[in-house]
*Asks:* 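Before I ask anything, let me first share the structure, which is written out below as structure tokens.
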Amino acid sequence: MNHYETVFILNPVLSEDQIKETVKKYEDLLVSKGAKMISKENWGLKKLAYPIQNKKSGFYHLFEFTVDGEVVNELETEFKRDERFMRYLTVSLDKHAIAWAEKRRNRDKKSA
């Protein structure tokens, strides 16, 4: 099982319920494929550095999880098929990135 982090940007015209439904759908997809969710973060509506699909903002979300590599390909295929996603990026985390992510999560918990 590899450790991954996926950041995705959802279309800003979606309602709050549509966003929650979309995030839940893909979280359930990962869990059904045997993924262990470590962290899930909603970064909210952010301004984009450059327009994507003529949109200047988007809803950012982050998933941190462990799963076999083939499941990541399936997840990204589903992202491509879903028009609610503007961009996504999945990276494999090494031991240093895992430590940094844990430190960031703990820091965010303290500040909240």
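Predicted model, so just to flag it, every value in this text is computed and none were measured. If you read the sequence from its start, that first residue is 1, and numbering goes on from there. These numbers come from the heavy atoms of this one structure, side chains and all, not from hydrogens, waters or symmetry mates.
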*Asks:* Mind checking side-chain contact (heavy atoms from CB on, under 4.5 Å) for Ala99 and listing every partner two or more places apart, or none if nothing turns up?
*Replies:*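 Partners of Ala99 by the side-chain contact (heavy atoms from CB on, under 4.5 Å) criterion come out as none, since no residue qualifies.
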*Asks:* Can you see which heavy atom on Ser57 is nearest to which on Pro12, and at what distance?
*Replies:*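 Heavy-atom minimum between the residues: O-CG, 3.1 Å.
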*Asks:* For residues Ile98 and Trp100: do they belong to one hydrophobic cluster (side chain heavy atoms under 4.5 Å, members Ile, Leu, Val, Met, Phe, Trp, Tyr)?
*Replies:*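 In one cluster: no.
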*Asks:* Mind checking what makes salt bridge (Lys or Arg N to Asp or Glu O under 4.0 Å) contact with Lys36, not counting sequence neighbours?
*Replies:*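 So Lys36 forms no salt bridge (Lys or Arg N to Asp or Glu O under 4.0 Å) with any residue.
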*Asks:* Check side-chain contact (heavy atoms from CB on, under 4.5 Å) between Ser15 and all other residues, then give those that pass, not counting sequence neighbours.
*Replies:*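 Expected list: Asp17, Gln18.
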*Asks:* Please report the closest heavy-atom contact between Phe59 and Asn11, naming both atoms and the distance.
*Replies:*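 Where Phe59 meets Asn11 most closely, the heavy atoms are CD1-O, 3.7 Å.
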*Asks:* Quick one, Met86 and Leu10 - any side-chain contact, counting heavy atoms below 4.5 Å?
*Replies:*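 When only atoms from C-beta onward are counted, Leu10 and Met86 do not touch, as no gap falls below 4.5 Å.
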*Asks:* Can you confirm whether Val23 sits close enough to Phe8 that some side-chain heavy atom of one is under 4.5 Å from a side-chain heavy atom of the other?
*Replies:*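 Yes. Closest side-chain heavy atoms under 4.5 Å.
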*Asks:* Looking at residues at least two apart in the chain, or sitting in another chain, which of them share a side-chain contact (heavy atoms from CB on, under 4.5 Å) with Val71?
*Replies:*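 Testing Val71 for side-chain contact (heavy atoms from CB on, under 4.5 Å), a comparison that skips the adjacent residues, returns Leu30, Lys33, Val67.
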*Asks:* Lys25: which residues meet the side-chain contact (heavy atoms from CB on, under 4.5 Å) condition with it, sequence neighbours left out?
*Replies:*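 Only Asp82, Arg84 meet the side-chain contact (heavy atoms from CB on, under 4.5 Å) criterion with Lys25.
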*Asks:* Parallel under 30°, tilted from 30 to 60°, perpendicular over 60°: which one fits the rings of Tyr88 and Phe79?
*Replies:*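 Geometry flag for Phe79 against Tyr88: tilted rings.
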*Asks:* With a 3.5 Å cut-off and no angle check, do the side chains of Tyr26 and Asp28 form a donor-acceptor pair?
*Replies:*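 No - no donor-acceptor pair under 3.5 Å links their side chains.
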*Asks:* Show every donor-acceptor pair shorter than 3.5 Å between a side-chain atom in residues 42-56 and any protein atom, with sequence neighbours excluded, or say none if there are none.
*Replies:*
from: Asn42; atom 1: OD1; to: Gly44; atom 2: N; distance (Å): 2.8
from: Trp43; atom 1: NE1; to: Glu41; atom 2: OE1; distance (Å): 2.8

*Asks:* Tell me whether Leu89 shares a hydrophobic cluster with Leu93, the cluster being built from Ile, Leu, Val, Met, Phe, Trp, Tyr side chains joined at under 4.5 Å.
*Replies:*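 Looking at the clustering, Leu93 is in the same group as Leu89.
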*Asks:* Would you please name every residue forming a side chain to side chain donor-acceptor pair (under 3.5 Å) with Glu21, sequence neighbours left out?
*Replies:*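 By the side chain to side chain donor-acceptor pair (under 3.5 Å) rule, Glu21 matches no residue at all.
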*Asks:* Are Glu5 and Leu62 side-chain neighbours, meaning at least one heavy-atom pair lies under 4.5 Å?
*Replies:*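 Yes. Closest side-chain heavy atoms under 4.5 Å.
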*Asks:* Are Phe85 and Leu14 in one and the same hydrophobic cluster, where Ile, Leu, Val, Met, Phe, Trp and Tyr link if side-chain heavy atoms are under 4.5 Å apart?
*Replies:*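 Phe85 clusters together with Leu14.
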*Asks:* Evaluate the side-chain proximity of Tyr4 to Val91: yes if any heavy-atom separation is below 4.5 Å, no if none is.
*Replies:*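 In short, these two side chains do not touch, never coming nearer than 4.5 Å.
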*Asks:* With the 4.5 Å side-chain cut-off for hydrophobic clustering, are Ile38 and Val7 part of the same group?
*Replies:*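 Cluster IDs for Ile38 and Val7 differ.
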*Asks:* Once side-chain hydrogen bond (donor to acceptor under 3.5 Å, both in side chains) is applied, what residue pairs with a partner in residues 62-73 remain, sequence neighbours excluded?
*Replies:*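 Matches after skipping sequence neighbours: His3-Glu64, Glu64-Arg105.
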*Asks:* Can you list everything that forms a salt bridge (Lys or Arg N to Asp or Glu O under 4.0 Å) with Glu16? Sequence neighbours excluded, please.
*Replies:*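 Partners of Glu16 by the salt bridge (Lys or Arg N to Asp or Glu O under 4.0 Å) criterion, ordered by chain and then number, come out as Lys20.
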*Asks:* Can you list the residues that meet the side chain to side chain donor-acceptor pair (under 3.5 Å) rule with Glu78, with sequence neighbours excluded?
*Replies:*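 With neighbours one apart ignored, the set is Arg81.
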*Asks:* Which residues pass the salt bridge (Lys or Arg N to Asp or Glu O under 4.0 Å) test with Glu102, not counting sequence neighbours?
*Replies:*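 Not a single residue meets the salt bridge (Lys or Arg N to Asp or Glu O under 4.0 Å) criterion with Glu102.
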*Asks:* Any side-chain donor paired with an acceptor under 3.5 Å for Thr90 and Glu76?
*Replies:*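 The answer is yes; a qualifying pair exists.
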*Asks:* According to side chain to side chain donor-acceptor pair (under 3.5 Å), who are the partners of Arg87, at least two apart in sequence or on a separate chain?
*Replies:*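 Counting only residues at least two positions away or on another chain, Arg87 forms no side chain to side chain donor-acceptor pair (under 3.5 Å).
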